[in-house]
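These values consider heavy atoms only, across backbone and side chains, with no hydrogens, waters or symmetry-generated copies. Keep in mind the model is a prediction, meaning the values are calculated, not measured.
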Amino acid sequence: MQWTVVVPLKALGKAKSRLSDTAADGVRPSLALAFAQDTVAAVLACAAVRDVAVVTGDPLAGRELAALGARIVPDEPAGGLNAALAHAATTVRQSRPEGAVAALNADLPALRPEELARVLDVAAEFPRAFLPDAAGIGTTLLAATSGRELRPAFGVDSRTRHRASGARELALDAVDSVRQDVDTGDDLRAALALGVGPRTAAMAARLLIPGQSGG
């Protein structure tokens, strides 16, 4: 099964406010963009992925991610994360009505293509499935196979909400890079320990955060 992966990205100027203890206001937009670039690059390198659609209203992010090969879907609803994802899923299925669609966080800078492929291959066994984040509270990936609505319920305690919606929780080992999203300084250090992509590694070096590159 080949997937279209939808990646939502809010306006860079409003992104990653919880990283204020690690990165100054003027740096966080560039850090958020680096996360998204490394995430999208890894998704595009995944054998299970047909294409990537980034839903964003940020012009700079749109240009930079389109340059990597992503399709940009404008955030026309401007109604928050779940509305953006539902809109993007509908948009990409206009050209491929029976296509499998997965929503993936934009802040997975340590993402490994082979680990994402494993998650998507298992998700293909269920109508809807999700992967909880490293903290065990949120969700980093929500998948819907052919003919199924995505029905995103991201936000506070999304693990519980996605489970309650009937999506199958994926309990997989050795997919840490797909679970390690970055909201806080501790999250960033955990991602660096896994090995992040080159753009995030360069930003971490600017911030003098110790870690490893190579995601």
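The main-chain N or O of Ser158 is found under 3.5 Å from a side-chain atom of His162 such that the two form a donor-acceptor pair. Without hydrogens or angle criteria, Gln2 side chain to Ala47 main chain gives a donor-acceptor distance under 3.5 Å. Put simply, the side chain of Thr200 never gets that close to the backbone of Val196: no donor and acceptor are under 3.5 Å apart. No donor-acceptor pair closer than 3.5 Å links the side chain of Gln180 to the backbone N or O of Ala191. Under a 3.5 Å cut-off, the side chain of Arg28 and the backbone N or O of Ala23 do form a donor-acceptor pair. A donor-acceptor distance shorter than 3.5 angstrom exists from the side chain of Thr184 to the backbone of Asp187, with no hydrogens or angles considered. Using modelled atom types, one side-chain atom of Ser95 and one backbone atom of Val92 make a donor-acceptor pair closer than 3.5 Å.
Residues Ala106 and Thr39 share a closest heavy-atom pair of O-OG1, 3.2 Å. Contact record, Asp75 with Gly57: CB-N, 3.9 Å, taken as the closest heavy-atom pair. The two atoms that bring Pro152 and Leu142 nearest to each other are CA-CD2, 3.5 Å, heavy atoms only. Here the closest heavy-atom approach between residue Leu85 and residue Ala103 is recorded as CD2-CB, 3.7 Å. Between Trp3 and Ala144, the shortest heavy-atom contact is CZ3-O, 3.7 Å. The two residues Ala53 and Val73 make their nearest non-hydrogen contact at CB-CG2, 4.1 Å.
Contact annotation: the side chain of Val101 approaches that of Arg93 to within less than 4.5 Å [non-hydrogen atoms, C-beta and beyond]. Side-chain atoms of Asp58 and Leu9, non-hydrogen and from C-beta on, never get closer than 4.5 Å to each other. Side chains of Phe35 and Met203 form no contact here, defined as non-hydrogen atoms less than 4.5 Å apart. Side-chain contact check for Arg128 versus Arg168: every heavy-atom pair is 4.5 Å or farther apart. Two residues are said to be in side-chain contact when any heavy atoms from C-beta on lie closer than 4.5 Å; Thr56 and Lys10 fail this criterion. Within the 4.5 Å cutoff, the side chain of Leu31 has no heavy atoms near those of the Thr22 side chain. Within the 4.5 Å cutoff, the side chain of Ile137 has no heavy atoms near those of the Arg159 side chain. In this structure the side chain of Val43 reaches within 4.5 angstrom of the side chain of Leu111, judged on heavy atoms.
Atoms CZ and CG, on Arg112 and Leu194 in that order, are 6.5 Å from each other to the nearest 0.5 Å. To the nearest 0.5 angstrom, Leu12 atom CG is 8.0 Å from Ser30 atom OG. Residue Asp157 holds its CG atom at 8.5 Å from CZ of Arg163, rounded to the nearest 0.5 Å. Note that CG of Leu150 is 11.0 Å distant from OG1 of Thr145, once rounded to the nearest 0.5 Å. Distance check: Leu120 CG to Glu125 CD gives 12.0 Å after rounding to the nearest 0.5 Å. Within the model, atoms CD of Glu115 and CG of Asp173 stand 11.0 Å from one another, a figure rounded to the nearest 0.5 Å.
Under the 4.5 Å side-chain heavy-atom criterion for ILVMFWY residues, no single connected hydrophobic cluster contains both Phe154 and Leu131. No continuous path of ILVMFWY side-chain contacts below 4.5 Å connects Leu81 to Leu65, so the two sit in separate hydrophobic clusters. Note on Ile72 and Leu104: same hydrophobic cluster, where clusters join Ile, Leu, Val, Met, Phe, Trp and Tyr whose side-chain heavy atoms are under 4.5 Å apart, directly or indirectly. Hydrophobic clustering (ILVMFWY, side-chain heavy atoms < 4.5 Å, transitive): Leu44 and Met1 are in one cluster. A continuous path of Ile, Leu, Val, Met, Phe, Trp and Tyr side chains, each step under 4.5 Å between heavy atoms, connects Val178 with Val40, placing both in one hydrophobic cluster.
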TODO: Determine, step by step, whether Asp186 and Arg189 satisfy the salt bridge (Lys or Arg N to Asp or Glu O under 4.0 Å) criterion, reporting the C-alpha distance in whole Å, the side-chain angles of both residues, the deciding distance to 0.1 Å, and the verdict.
DONE: CA-CA 5 Å; Asp186 286 343; Arg189 284 180 279 275; 3.1 Å; yes

Open item on the list: side-chain contact (heavy atoms from CB on, under 4.5 Å), that's the test. Do Val7 and Val55 meet it? Break it down for me.
Closed with: CA-CA 6 Å; Val7 178; Val55 54; over 6 Å; no

TODO: Under the side-chain contact (heavy atoms from CB on, under 4.5 Å) rule, what do Thr4 and Arg96 come out as? Steps first, then yes or no, please.
DONE: CA-CA 9 Å; Thr4 293; Arg96 196 174 297 121; 3.1 Å; yes

TODO: Dump the intermediate steps for side-chain contact (heavy atoms from CB on, under 4.5 Å) on Leu141 and Asn105, then the final yes or no.
DONE: CA-CA 7 Å; Leu141 180 143; Asn105 289 7; over 6 Å; no

Task: Val27/Leu207 under side-chain contact (heavy atoms from CB on, under 4.5 Å): CA gap, chis, key distance, verdict - done: CA-CA 9 Å; Val27 176; Leu207 295 170; 3.8 Å; yes

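Screening Thr139, Leu170, Thr140 for a side-chain contact (heavy atoms from CB on, under 4.5 Å) involving Phe130 leaves a single residue, Thr139.
Checked for salt-bridge contact, Asp107 and Lys16 meet the test: a charged N lies under 4.0 Å from a carboxylate O. Taking 4.0 Å as the cut-off between side-chain N and carboxylate O, Arg179 and Asp133 do not count as a salt-bridged pair. Using a 4.0 Å cut-off between a side-chain N of Lys or Arg and a carboxylate O of Asp or Glu, Arg71 and Asp51 do not qualify as a salt bridge.
Other residues, nucleotides and ligands contribute over 12 non-hydrogen atoms within 6.0 Å of the CD atom of Glu169.
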